[in-house]
Amino acid sequence: MASGALHALALLLLAAAATKIVNPDRAVDAMRQARLPASATLVRLLAGAEGAVAFLVLIVGGVLPALALAGLHVGFAAFIARLRTVAGSGAPCGCFGAAEAPADRLHVAVNLAAAAVALVGAAAGPGSLRATLAHQPAFGLPYLALVVVAAESMLLTLTALPDLLAAERQLS
């Protein structure tokens, strides 16, 4: 179970890293709004590190990649908290390219929860995706489907849920 959560977190991180490598502009803007050093090169380097950690969690498995994943999520939470403080809770984080995620309390909480999940996963001695799939029925297809659904659910929690909650507040 811990491996599934880690694999979903790694898949989400890999997608976020890929969007920032291809188009770093939104992340550069977010870093500038947070009054941090910012350039396309820096964003691409950071995204490359994110992608490397995600790759290690998925391909190698083990305690160290899971701990690195936890560390990244603590760093993301700190960045979002800073962005929220400096630029306001509506400022986009730049995490997912065109899919905007506001720097709100939910974003900080999701990143802290992801860090906690990664720590629990590290304590469980997580396996690689390949090792995990070797013990799954139906060639691992149900497992892979659940990992993808979990990653997409986290993405929607960060990008679509804030808009839905805002719309609900307007209706109340």
Side-chain angles (χ1 to χ4, degrees), residues 1-24 26-27 30 42-81 92-164:
M1 180 151 136
S3 289
L6 283 173
H7 294 152
L9 287 171
L11 183 61
L12 179 64
L13 183 62
L14 195 59
T19 62
K20 287 182 281 215
I21 288 170
V22 171
N23 185 0
R26 292 182 190 251
L42 178 59
V43 166
R44 286 185 171 118
L45 286 171
L46 292 171
E50 293 171 15
V53 168
F55 180 80
L56 288 171
V57 168
L58 292 169
I59 303 304
V60 176
V63 173
L64 291 179
L67 290 175
L69 183 65
L72 283 174
H73 279 286
V74 169
F76 297 151
F79 171 73
I80 296 302
C93 70
C95 300
F96 305 108
E100 294 292 340
D104 58 10
R105 288 181 297 211
L106 175 64
H107 202 324
V108 173
V110 167
N111 278 295
L112 291 175
V117 166
L119 287 174
V120 169
S128 68
L129 184 58
R130 182 178 177 187
T132 303
L133 290 176
H135 302 288
Q136 298 296 315
F139 307 106
L141 293 177
Y143 178 85
L144 287 174
L146 288 173
V147 165
V148 170
V149 167
E152 181 65 22
S153 296
M154 287 183 283
L155 177 64
L156 290 172
T157 298
L158 293 170
T159 59
L161 184 58
D163 290 338
L164 290 173

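Note that the structure is predicted; figures quoted are calculated from it, not measured.
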Margin query: Checking R26 against C95 for the side-chain contact (heavy atoms from CB on, under 4.5 Å) test, could you report, in this order, the C-alpha distance in whole Å, the side-chain angles of both residues, the deciding distance, and whether it holds?
Written below: CA-CA 8 Å; R26 292 182 190 251; C95 300; over 6 Å; no
Notebook entry, point to check: Between H7 and Y143, does a side-chain contact (heavy atoms from CB on, under 4.5 Å) hold up when you go through it step by step?
Noted result: CA-CA 10 Å; H7 294 152; Y143 178 85; 2.5 Å; yes
Side-chain heavy-atom pair [X], [Y] within 4.5 angstrom cut-off:
X    : Y    : answer
L106 : P162 : yes
F76  : L13  : yes
V57  : L9   : no
S128 : V60  : no
L11  : V147 : yes

Look up atom [atom1] in [X] and atom [atom2] in [Y], then write down how far apart they are to the nearest 0.5 Å.
X    : Y    : atom1 : atom2 : result
Q136 : L146 : CD    : CG    : 9.0 Å
H107 : T159 : NE2   : OG1   : 9.0 Å
L72  : L67  : CG    : CG    : 11.0 Å
L64  : L56  : CG    : CG    : 9.5 Å
H73  : N111 : NE2   : CG    : 6.0 Å
L155 : F96  : CG    : CZ    : 5.5 Å

Note to self: Give me the atom names and distance for the closest heavy-atom approach of A27 to G94.
What the structure shows: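 The answer is CB-O, 3.6 Å.
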Margin query: If I compare all heavy atoms of A150 with all of A8, which pair ends up nearest, and what's the gap?
Written below: CB-CB, 3.7 Å
Notebook entry, point to check: Given L129 and I59, is the side-chain contact (heavy atoms from CB on, under 4.5 Å) satisfied, shown in steps?
Noted result: CA-CA 6 Å; L129 184 58; I59 303 304; 5.8 Å; no
